[in-house]
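Read through the structure below, which is laid out as structure tokens, and then see the notes.
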Amino acid sequence: MVYDKFWKDNPGINKTEVRKLVSDGLKIYDDIPRYAKEGFSSIPKEEWDMFKWAGLYLQRPKEDGYFMMRVVIPSGHLTNEQTIALANIAKDYGRGVYDITTRQAIQFHWLTIEQIPDILNRLEEVGLSTAGACGDITRNIVGNPLAGIDPNELFDTRDVVKEVYEYFQFNEDFSNLPRKYKISISSNIYNASNSEINDLSFVPAYKDINGERVAGFHVKVGGGLSSVPKLAEALDVFITPDQTLQVAIAVTTIFRDHGYREKRHRSRLKFLVADWGPEKFNEKLLEYTGPLLSAGEDASKGWNAGYFYGVHKQKQEGLNYIGVNIPVGRLTPDEVIEFARVSKLYGNGDIRNCNSQNLIIPNIPDANVEALLQEDIFKKFPVSPEKIIGYSVSCTGIEYCNLALVETKERMKRIAEYLDQEIQLDVPVRIHMVGCPNSCGQRQIAEIGLQGIKMKNKDKVMVEAFEIYVGGTLNNGGKLNEKLKGKVEAEQLDTTLRQLLEYFNETKVPGETFFDYVERVGTLPLQEKLDSILNVAV
């Protein structure tokens with residue numbers, strides 16, 4: 001399909017849009033071999049951002065020429081061969097850093113342009129890609145990590161995800177979108193794909209058709225976080241699994257042709273949906289697809305936040321999956337290879353990434369479960385983690401990210417481990433830390449969200465600090481957390497959180513989650529407690 005970039009005649013489009021009219025972002029793949037031969041200094045500065053289409057960002061400081069690479073992993077599903085290939089890339093080129101992201105992808109760091117061609121070849125050999133990992137394009141499809149083995153799925157979504165993923169891969173009809181564009185596809189009834197925070201989501205539903213109860217999808221559009229978070233809106237349509245690609249193409253086309261290209265900060269689909277409203281968007285969708293059935297019965301039963309810890313029965317008789325905690329998603333290559341080894345020894349070798357930055361080892365026969373759990377790797381990475389470290393999420397932070405204001409990854413891990421030592425809770429508490437408003441660590445949906453800022457301390461020195469938000473969830477359509485007044489210096493964050501959680505522990509009802517507590521008492525008691533902590537600190 002050839003489409004008209006009619007926005008080329010709009011004098012108000014932003015400079016990124018002007019650059020994308022010169023050549024498609026995916027064309028950067030053609031240039032990488034030449035740049036690799038000639039070195040980083042040969043890359044024009046105006047071309048740096050185009051590397052996003054190849055899943056590459058320049059680390060901070062950009063001038064040093066080190067890249068972060070993100071690898072697309074649809075639904076987080078990896079074969080044994082793919083897992084080992086990824087681990088070896090991190091070992092050979094990435095200085096031993098292997099990160100699982102909140103969109104089930106894998107990130108490497110410290111890569112140079114000279115290394116990129118070999119890395120891309122290695123990925124291609126095992127069926128992996130970086131296209132769509134970054135840039136104004138369809139991003140990694142988030143899905144159910146348990147697809148195909150899940151007792152709580154309406155149907156197996158692996159073929160659906162594969163079809164949609166392969167259609168958009170390297171498809172220049174959809175590689176020049178107004179901004180990044182995130183799709184989720186899952187039939188897990190516990191919202192394993194965080195549907196409300198994606199641009200386009202396919203969620204489990206039923207519909208009575210000619211006297212038969214048919215399983216399929218409802219469709220949500222316009223979700224996203226960052227500095228102006230919005231929860232996705234449900235459209236009045238029901239589709240069968242074989243219609244998923246058709247609807248995905250239609251919604252993506254609407255975004256491409258009607259999305260805003262003037263101001264980058266207002267170019268996400270969520271702004272178009274907010275301005276149009278779901279009814280108008282629904283009408284436009286039907287113009288592209290033709291008639292679709294109206295919405296049926298929502299099959300969702302709750303939200304598991306992407307956590308699957310412990311040993312669980314698969315829908316296949318005699319097989320189990322094991323959910324493992326990977327603190328803030330960071331591993332070494334040797335640890336990844338060890339997980340691949342035990343997965344192969346006791347199961348079929350597969351690994352599955354969760355959007356909680358953890359992983360799952362599937363297809364373990366009943367007879368092998370106990371032996372697998374005795375392996376040394378599970379002493380460091382437990383299947384039944386503590387209440388804080390097991391539910392902590394972090395973005396990349398200032399260590400590598402040019403947008404981050406503060407260090408996050410190791411700080412979140414260190415604070416979580418401290419809190420687990422200091423406080424005995426009867427419920428987990430989901431804590432997400434982010435280094436900037438872009439919220440790659442999904443701060444807004446956490447029970448406790450920590451957002452990095454800079455502030456002047458009492459000595460008028462600029463220091464790293466955090467704002468605290470409370471009460472986020474994606475249950476029942478979702479609720480974004482609320483900001484408490486006050487700024488906490490980074491060095492005081494651990495003790496401040498300890499005192500807040502001690503207060504929660506003392507005043508909660510047994511078995512009450514932090515979210516339910518905030519819903520019951522409101523934010524005022526926590527605000528008063530934070531005020532008293534900060535006054536003492538001052």
Side-chain angles (χ1 to χ4, degrees), residues 52-57 68-78 82 86 98-109 123 128-147 157 161-162 164-165 168-169 177 179-186 188 191-203 220 223-226 229 232 248 268-270 303-308 326 328-331 351-360 393-397 400-401 403 408-409 430 432-436 438-446 474:
K52 294 177 183 178
W53 274 257
L56 294 159
Y57 287 99
M68 180 214 81
M69 173 183 279
R70 189 178 296 150
V71 182
V72 174
I73 316 288
S75 295
H77 292 204
L78 287 168
Q82 289 172 335
L86 290 167
Y98 181 104
D99 282 343
I100 304 171
T101 78
T102 54
R103 291 189 63 79
Q104 300 173 291
I106 295 298
Q107 283 184 180
F108 304 124
H109 304 279
L123 292 172
L128 293 174
S129 172
T130 61
C134 316
D136 299 348
I137 193 170
T138 52
R139 298 291 186 91
N140 188 42
I141 298 176
V142 170
N144 180 12
L146 298 178
T157 51
V161 170
K162 184 174 185 287
V164 176
Y165 166 72
F168 286 106
Q169 266 285 289
L177 302 178
R179 276 296 299 275
K180 58 187 175 184
Y181 177 70
K182 300 177 178 181
I183 299 176
S184 77
I185 301 172
S186 173
N188 172 277
N191 193 8
S193 64
N194 293 350
S195 62
E196 290 82 6
I197 61 172
N198 286 278
D199 295 273
L200 168 62
S201 292
F202 297 90
V203 300
K220 294 184 177 182
L225 297 178
S226 193
R268 291 287 301 275
L269 180 63
K270 62 187 176 182
W303 180 48
N304 61 24
Y307 292 104
F308 301 91
I326 310 299
V328 296
R330 178 157 290 176
L331 291 162
I351 296 286
R352 301 190 176 190
N353 297 339
C354 306
N355 53 23
S356 56
Q357 299 181 307
N358 298 297
L359 60 79
I360 292 166
V393 169
S394 173
C395 71
T396 298
Y400 302 118
C401 178
L403 300 175
T408 58
K409 186 74 80 170
R430 295 182 296 103
H432 291 212
M433 180 179 285
V434 298
C436 79
N438 286 294
S439 204
C440 294
Q442 303 173 345
R443 182 270 299 163
Q444 292 90 340
I445 64 174
L474 289 185

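These numbers come from the heavy atoms of this one structure, side chains and all, not from hydrogens, waters or symmetry mates. Residue numbers run from 1 in the order of the sequence given.
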Under the side chain to side chain donor-acceptor pair (under 3.5 Å) rule, collect the residues that match up with [X], sequence neighbours excluded.
X      : answer
Asn191 : Ser195, Glu196
Arg268 : Asp199
Asn188 : Asp150
Thr102 : none

Q: Could you pull out all residues at least two apart from Cys440 that satisfy side-chain contact (heavy atoms from CB on, under 4.5 Å)?
A: Cys395
Q) Among all residues two or more places apart in sequence or in another chain, which pass the side-chain contact (heavy atoms from CB on, under 4.5 Å) test with Thr101? A) Arg103, Ala105, Gln107
Quick one: are [X] and [Y] in side-chain contact, heavy atoms under 4.5 Å?
X      : Y      : answer
His109 : Asp99  : yes
Arg352 : Phe308 : no
Leu359 : Leu331 : yes
Tyr400 : Met68  : no
Val328 : Val393 : no
Ile73  : Leu128 : yes
Leu56  : Thr130 : no
Leu403 : Tyr57  : no

Rounded distance [0.5 Å steps], [atom1] in [X] versus [atom2] in [Y]:
X      : Y      : atom1 : atom2 : result
Gln442 : Asn194 : CD    : CG    : 5.5 Å
Ile360 : Cys354 : CD1   : SG    : 3.5 Å
Asn140 : Ser75  : CG    : OG    : 8.0 Å
Leu200 : Thr138 : CG    : OG1   : 10.5 Å
Ser394 : Lys409 : OG    : NZ    : 5.0 Å
Gln104 : Asn144 : CD    : CG    : 8.5 Å

Q | Asp136: partners by salt bridge (charged side-chain N to carboxylate O under 4.0 Å, His left out), with sequence neighbours left out | A | Lys20, Arg264
Q) Does anything in residues 69-78 pair up under salt bridge (charged side-chain N to carboxylate O under 4.0 Å, His left out), and if so which pairs, sequence neighbours excluded? A) none
Q) With sequence neighbours excluded, what pairs up with Tyr181 under the ring-ring contact (aromatic ring centres under 6.0 Å, His included) test? A) Phe255
Q.
The criterion is ring-ring contact (aromatic ring centres under 6.0 Å, His included); which residues satisfy it with Tyr165, sequence neighbours excluded?
A. none
Heavy-atom pair of closest approach, residues [X] and [Y]:
X      : Y      : answer
Lys52  : Gly135 : CB-N, 3.7 Å
Asn353 : Pro145 : O-CB, 3.6 Å
Ala131 : Ser129 : N-OG, 3.0 Å
Ser356 : Tyr307 : CB-CE2, 3.5 Å
Asn198 : Ala232 : O-CB, 4.0 Å
Asn355 : Val142 : ND2-CG1, 4.1 Å

Q: Specify whether Tyr98 and Phe108 have parallel, tilted or perpendicular ring planes, treating 30° as the upper limit for parallel and 60° as the lower limit for perpendicular.
A: perpendicular
